[in-house]
K.L.:
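I am attaching a structure below and will ask some questions about it afterwards.
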Amino acid sequence: MTDEYRPQEIEPKWQKKWEEDGLYHAEIDPSKEKFYALTMLPYPSGDLHIGHWYAMTPSDARARFKRMQGKNVLFPMGFDAFGLPAENAAIQRNIHPKEWTYDNIEHMRKQLKSMGAMFDWDREAISCEPSYYRWTEWFFIQLYEHGLAYRKRAPVDWCPSCNTTLAREQVVGEDRLCERCDTPVIKKELEQWFFRITDYAEELLDFSHLDWPTQVVAMQKNWIGRSEGASVVFHTEEGDPMEVFTTRPDTLWGATFMVLAPEHPLVDKVTTEEHREEVEAYKKQAERQTQIERAAADKEKTGVFTGGYAINPVNEKRIPVWTADYVMMGYGTGAIMGVPAHDERDFNFARRYDLEVIPVIQPEGEEFDGETMEEPYIGPGLMINSGPLTGTLITEGEGHDNPGIMAVIEWLDEKGIGEKGVSYKIQDWLISRQRYWGAPIPMVYCQKCGWNPVPEDELPVLLPEDVKWLPTGESPLKLHPNWKKTTCPECGGPAERETDTMDTFMCSSWYHLRYLSPGYEKAPFKQEEYDYWMPVDTYTGGVEHATMHLIYTRFFHKALRDIGITKGPEPMLQLRNQGQILAPDRQRMSKSRGNVVPPDPLVEEYGADAVRCYLMFGYRWSEGGPWSEENIQGVVRWLHRVWDTFVNKAREGGDVDCPEKVCRDLRRKVHVTLQQVSEDYQRFEFNTVISALMELLNEMNDAVQEGVVGTAAWSEVEDYYLRMLAPAAPHIAEELWTGVLGKPYSIHEQPWPEVDEEATQKETFTLIVQVNGKLRDRIQVPVGISDQEAKEIALESEGAAPYVEDAEVRKVIVVPGRLVNIVV
RNA sequence: GGGGCGGUGGCGGAAUUGGCAGACGCAGGGGACUUAAAAUCCCCCGGUUUAUCCGUGUGGGUUCGACUCCCACCCGCCCUACCA
């Protein structure tokens with residue numbers, strides 16, 4: 001046994017032994033309570049980043065803590081292995097995406113293993129394996145057969161650089177840039193496959209079964225974007241219905257114009273010959289507008305008059321129909337009523353084009369004049385100029401929170417003009433990608449029979465290996481000479497395969513299920529595994545997935561539940577997000593900035609345990625912060641001190657008589673620490689886990705000076721210390737436990753210690769003496785002291801005396817076991 | 001514009017949920033050991049006019065007592081955005 005801590009020697013040794021012994025392999029055990037701890041799987045980009053360590057190693061520590069608490073813990077790992085970068089690498093370096101991906105996986109698996117995490121590699125799942133994507137395809141067919149997948153021609157966001165369509169979630173910012181390459185996105189009309197996630201919008205807004213961060217809940221609510229109001233049908237003068245959605249049906253009498261989105265199908269019909277040229281030009285320009293970068297500040301509303309008119313159904317008023325690009329085809333019905341007196345945008349538009357402004361909501365004590373008002377009025381008030389509903393009180397609040405609006409909707413309903421309506425921002429999930437490296441969409445098109453799914457016994461539809469890497473903009477599958485040629489499952493005649501592949505979010509929507517039985521060939525998972533392990537108890541990962549993966553996977557679970565494949569309301573009960581580790585310069589780490597901190601050299605120099613512990617200690621886990629090579633030294637020193645205490649200091653002595661008080665105090669400290677550490681692991685407060693262990697070590701070393709080594713108290717402290725340390729620093733804990741103390745292998749199979757409540761009790765405490773709330777004295781007093789005694793001690797205390805002497809004591813507050821505050 | 005999170009020493013961060021502000025660590029200063037350095041160990045470390053002092057972004061409030069609760073505001077980060 002060396003007397004010096006050498007992580008480079010002990011860490012690989014234990015990793016090898018743990019793996020040989022299958023120490024972390026999880027099996028169904030009905031006698032134990034299960035715990036499914038899931039951490040987001042990496043994309044095999046090539047190298048593990050310190051951010052992966054930050055996300056995964058504290059998650060590992062917590063999974064280990066749960067295991068020691070007696071839970072049967074499943075903590076799996078895999079690779080989200082389909083996706084664009086593999087294809088980009090293929091084009092750039094002429095290497096097959098499969099080869100690139102598998103090389104990366106092999107390398108990253110090795111890196112992951114250096115964490116010393118309790119990943120169960122027997123359950124590894126890789127989404128680009130045929131045995132995996134066979135089931136991704138199968139799920140698609142399930143959704144298709146239950147009416148949740150459909151095909152439609154739609155204007156889609158298209159990245160001209162990546163040559164692919166993008167989901168709404170992958171288009172970022174005002175400039176509408178591609179999430180991956182920052183190229184401005186353009187619109188393109190294509191036949192695409194969609195999932196009906198909007199059918200689940202309402203249910204997705206129910207977070208009552210979830211313990212998720214408020215931030216993520218807020219982001220999802222925002223993303224789903226539910227609005228309550230009314231849908232009202234206007235008609236053009238020619239009698240064509242024009243449905244609008246409004247959250248303010250109470251302002252219907254103030255509608256002085258209509259606006260259609262430029263892409264609205266009715267625009268052509270309503271436009272008069274006189275205005276056709278102008279409207280056509282505007283439409284063209286609007287289309288281009290989405291293609292060019294829009295200046296951020298330019299919010300000026302533009303539009304053109306179509307020459308057509310509509311009839312306001314509430315008062316038969318004839319109002320002009322305009323088209324303008326501030327109305328979006330993708331939200332509501334793509335048509336709005338313009339109420340300039342009570343809407344910011346409508347107001348600006350009306351003033352610019354000199355349209356009538358009629359106020360119909362009036363707060364007390366105000367009288368608006370449509371001609372002269374300088375800004376719209378958005379607030380509450382009484383309805384005026386509103387026919388039979390004049391005088392209705394409109395309060396703050398939307399939909400059913402607003403009785404006045406509800407009264408209006410009821411009236412509209414009675415008259416057959418409109419009805420209660422709900423609108424969502426969320427759109428159906430577009431899953432088609434014109435790419436090679438993804439799971440093929442298992443559909444076949446026949447001239448005679450239309451679209452049909454590939455029969456289940458023919459799955460998986462395999463990707464062809466012999467493809468050409470040309471940046472053509474078309475899917476390599478489409479260009480392949482014969483891959484798409486097949487026969488119709490219905491009539492047996494010649495047919496063609498769908499050449500698009502699926503969005504990789506489809507693969508990651510169910511990976512937590514594949515871990516349950518990764519090799520299984522009869523179904524995506526074994527039922528008994530599902531019944532035992534699901535749902536996921538704790539899910540950890542980055543907040544960047546809040547509106548994509550985390551909505552998709554909830555939808556997926558709910559859709560499969562309705563089909564009869566999954567069970568329960570939600571797939572992941574508890575979610576926790578780690579923050580982000582920044583570069584030492586406080587910038588986000590990126591290859592282009594060249595400030596990426598690679599974990600491997602750190603592991604090489606300080607050991608995995610030190611890196612793990614520093615990532616736990618140096619930050620509030622949910623916040624993150626800049627990497628600091630300076631600060632890691634504190635943790636490195638601490639681990640060396642731990643080693644020194646257990647290996648050197650504690651092996652000497654034992655012949656000195658140790659005062660009983662030292663033992664008692666040390667026992668108290670260890671049990672108080674145990675209390676805190678248990679709570680902090682539970683709450684994901686990893687920084688205070690480590691600081692508590694540092695404090696305890698400091699006290700242990702003080703006690704060693706007093707001759708505590710050799711006592712029963714010391715044995716207990718040694719034992720408990722290593723158990724508490726084991727989740728955070730699994731290697732050194734194992735070495736000291738098994739190798740130095742000679743206790744039974746493995747520490748990671750030991751139970752978590754129990755707090756001895758009695759040992760945590762103190763005999764004395766520090767009584768705080770305040771005068772008028774200011775600290776004046778601290779006095780050691782016995783624990784069970786009465787309020788009266790405490791009061792007397794405080795009044796007579798040296799520190800308080802000068803302030804109390806010539807003053808009148810008005811009141812004395814006693815907080816038992818804590819303080820006395822004298823009010824003078 | 002809307003939403004979320006946050007603001008505590010030179011730095012990372014604690015604070016039993018309304019009761020000793022600054023735990024633990026980094027950096028810094030001093031000392032011990034050493035021929036010397038590293039390592040290690042010990043001491044100091046919010047400010048100042050050194051005292052009935054000031055101090056948790058700012059200003060108010062509630063309270064015997066506020067980093068913690070309430071109101072108003074300022075700043076930073078993240079998400080989202082012509083949402084009808």
K.L.:
So what does A:Val823 touch, heavy atoms closer than 4.0 Å: a base, only the sugar-phosphate, or nothing?
P.N.:
sugar-phosphate

K.L.:
Atom CG of A:Asp343 to atom P of B:rG1: distance rounded to whole Å?
P.N.:
17 Å

K.L.:
Given B:rC5, B:rA81, B:rA84, which nucleotide is nearest the side-chain atoms of A:Thr247?
P.N.:
B:rA84

K.L.:
When the P atoms of B:rU49 and B:rC26 are compared, how many Å lie between them, rounded to an integer?
P.N.:
30 Å

K.L.:
Under the side-chain contact (heavy atoms from CB on, under 4.5 Å) test against A:Lys221, which residue among A:Leu204, A:Leu205, A:Val216 passes?
P.N.:
A:Leu205

K.L.:
At 4.0 Å (heavy atoms only), tell me whether A:Gly624 reaches a base, stays on the sugar-phosphate, or touches nothing.
P.N.:
sugar-phosphate

K.L.:
Quick one: do A:Arg248 and A:Asp343 make a salt bridge, cutoff under 4.0 Å?
P.N.:
no

K.L.:
How does each nucleotide of nucleotides 42-50 of chain B score, in 5' to 3' order, for protein heavy atoms under 4.0 Å: base (B), sugar-phosphate only (S), or none (-)?
P.N.:
---------

K.L.:
Pick the P atom in B:rG28 and in B:rA38, then give their distance to the nearest Å.
P.N.:
11 Å

K.L.:
What I'd like to find out is whether the side chain of A:Leu252 reaches to under 4.5 Å of the side chain of A:Leu412, using heavy atoms alone.
P.N.:
yes

K.L.:
Of the candidate nucleotides B:rG4, B:rC64, B:rC82, which contains the atom at the shortest distance from the side chain of A:Tyr326?
P.N.:
B:rC82

K.L.:
Write down the distance between CD1 (A:Ile822) and C1' (B:rU52), rounded to a whole number of angstrom.
P.N.:
14 Å

K.L.:
Tell me if a side-chain donor or acceptor on A:Thr323 pairs with a main-chain N or O of A:Leu260 at a distance below 3.5 Å.
P.N.:
yes

K.L.:
If you only use heavy atoms from C-beta on, which nucleotide in B:rC64, B:rC20, B:rC78 is closest to the side chain of A:Ile768?
P.N.:
B:rC20

K.L.:
Is any side-chain N or O of A:Lys425 closer than 4.0 Å to OP1 or OP2 of B:rC83?
P.N.:
no

K.L.:
Describe the nucleic acid contact of A:Arg641 in one word from base, sugar-phosphate, nothing, applying a heavy-atom distance below 4.0 Å.
P.N.:
sugar-phosphate

K.L.:
Would you please classify the geometry between the A:Tyr326 ring and the A:Phe349 ring as parallel, tilted or perpendicular, with 30° and 60° separating the classes?
P.N.:
tilted

K.L.:
Where does B:rU8 fall, syn or anti, if syn means a chi angle no more than 90° from 0?
P.N.:
anti

K.L.:
Starting at the 5' end of RNA chain B and moving along, which residue's nearest nucleotide shows up first, A:Glu630 or A:Ser227?
P.N.:
A:Glu630

K.L.:
Would you say A:Arg637 places a side-chain N or O within less than 4.0 Å of OP1 or OP2 belonging to B:rA27?
P.N.:
yes

K.L.:
Can you name the side chain to side chain contact (heavy atoms under 4.5 Å, CB included) partners of A:Pro359, sequence neighbours left out?
P.N.:
A:Ala341, A:His342, A:Phe368, A:Met373

K.L.:
How many whole angstroms separate atom OH of A:Tyr424 from atom P of B:rA81?
P.N.:
19 Å

K.L.:
Roughly how far apart, to the nearest Å, are B:rG76 and B:rG29 at atom P?
P.N.:
34 Å

K.L.:
Any side-chain N or O of A:Ser423 less than 4.0 Å from the OP1 or OP2 oxygen of B:rC83?
P.N.:
no

K.L.:
Can you tell me the distance, in whole Å, between the NZ atom of A:Lys774 and the P atom of B:rA51?
P.N.:
16 Å

K.L.:
Please report the distance, rounded to the nearest Å, between CZ in A:Arg776 and P in B:rA51.
P.N.:
14 Å

K.L.:
In whole Å, I'd like the distance from the CZ atom of A:Phe234 to the C1' atom of B:rA84.
P.N.:
12 Å

K.L.:
Do A:Glu629 and A:Tyr614 have side-chain N/O donor and acceptor atoms under 3.5 Å apart?
P.N.:
no

K.L.:
By the 4.0 Å heavy-atom rule, please label A:Ser628 as base, sugar-phosphate, or nothing.
P.N.:
nothing

K.L.:
Between A:Lys669 and A:Glu695 (salt bridge meaning N to carboxylate O under 4.0 Å), is one present in this structure?
P.N.:
yes

K.L.:
Check the distance between B:rA27's C1' and A:Gln633's CD and give it to me in whole angstrom.
P.N.:
12 Å

K.L.:
Is it true that A:Arg226 and A:Glu202 have a side-chain N and a carboxylate O under 4.0 angstrom from each other?
P.N.:
yes

K.L.:
Contact class for A:Val217 vs. all strands (heavy atom < 4.0 Å): base, sugar-phosphate, or nothing?
P.N.:
nothing

K.L.:
Between B:rG31 and B:rG22, how far is it from one P atom to the other, in whole Å?
P.N.:
28 Å

K.L.:
With pairs defined as Watson-Crick or G-U wobble and both distances under 3.5 angstrom, please note down RNA chain B as a dot-bracket string, | for pairing with another strand.
P.N.:
(((((((..(((......[....))).(((((.......))))).((.....))..(((((..]....))))))))))))....

K.L.:
For nucleotides B:rG10 and B:rG18, find the distance between their P atoms and express it as a whole number of Å.
P.N.:
28 Å

K.L.:
From CD1 of A:Ile378 over to P of B:rG2, roughly how many Å is that when rounded to an integer?
P.N.:
12 Å

K.L.:
If you go through the side-chain atoms of A:Arg345, does one of them form a donor-acceptor pair with the base of B:rC82 closer than 3.5 Å?
P.N.:
no

K.L.:
Using a distance-only criterion (donor-acceptor N/O pair, under 3.5 Å, no hydrogens), is the base of B:rG19 paired with the side chain of A:Gln770?
P.N.:
yes

K.L.:
Go through residues 680-700 of chain A and report each residue with a non-hydrogen atom lying under 4.0 Å from RNA chain B, sorted by number.
P.N.:
A:Arg683, A:Asn687, A:Thr688, A:Ser691, A:Met694, A:Glu695, A:Asn698

K.L.:
Using a cut-off of strictly less than 4.0 Å between a heavy atom of the residue and any atom of RNA chain B, enumerate the qualifying residues of residues 613-621 of chain A by number.
P.N.:
A:Phe617, A:Gly618, A:Arg620

K.L.:
Do we get A:Arg612 above A:Phe686's six-membered ring, with its NZ or CZ under 6.0 Å from the centre and within 45° of the axis?
P.N.:
no

K.L.:
For A:Asp346, is there an ion pair with A:Lys301 - N to carboxylate O distance below 4.0 angstrom?
P.N.:
no

K.L.:
Using the ring pair (Phe, Tyr, Trp, His ring centres under 6.0 Å) criterion, which residues pair with A:His671? Sequence neighbours excluded.
P.N.:
A:Tyr720

K.L.:
For nucleotides B:rG1 and B:rC11, find the distance between their P atoms and express it as a whole number of Å.
P.N.:
31 Å

K.L.:
Is the closest side-chain heavy-atom distance between A:Tyr606 and A:Gln633 below 4.5 Å?
P.N.:
yes

K.L.:
Would you mind telling me which of B:rA81, B:rC64, B:rC26 lies closest to the side-chain atoms of A:Asn631?
P.N.:
B:rC26

K.L.:
Is the A:Trp429-A:Phe505 ring centre distance short of 6.0 angstrom?
P.N.:
no

K.L.:
What heavy-atom pair brings A:Asp609 and A:Ile732 nearest, and what distance separates the two atoms?
P.N.:
OD2-N, 2.8 Å

K.L.:
Set out, in order, the CA-CA distance, both residues' side-chain angles and the distance that settles ring pair (Phe, Tyr, Trp, His ring centres under 6.0 Å) for A:Tyr353 and A:Trp322, then state yes or no.
P.N.:
CA-CA 10 Å; A:Tyr353 294 107; A:Trp322 287 62; 4.9 Å; yes

K.L.:
Going by the glycosidic torsion and a 90 degree boundary from 0, is the base of B:rG76 oriented syn or anti?
P.N.:
anti

K.L.:
Assess whether salt bridge (charged side-chain N to carboxylate O under 4.0 Å, His left out) is satisfied between A:Arg641 and A:Asp644, documenting all intermediate values.
P.N.:
CA-CA 5 Å; A:Arg641 278 204 305 277; A:Asp644 186 48; over 6 Å; no

K.L.:
Mind checking the C1' distance from B:rG13 to B:rG25? Whole angstroms is fine.
P.N.:
9 Å

K.L.:
Report the residue (A:Ile336 or A:Ala218) whose heavy-atom-nearest nucleotide on RNA chain B is the more 5′ of the two.
P.N.:
A:Ala218

K.L.:
For atom P, what is the distance between B:rA66 and B:rG55, given to the nearest Å?
P.N.:
11 Å

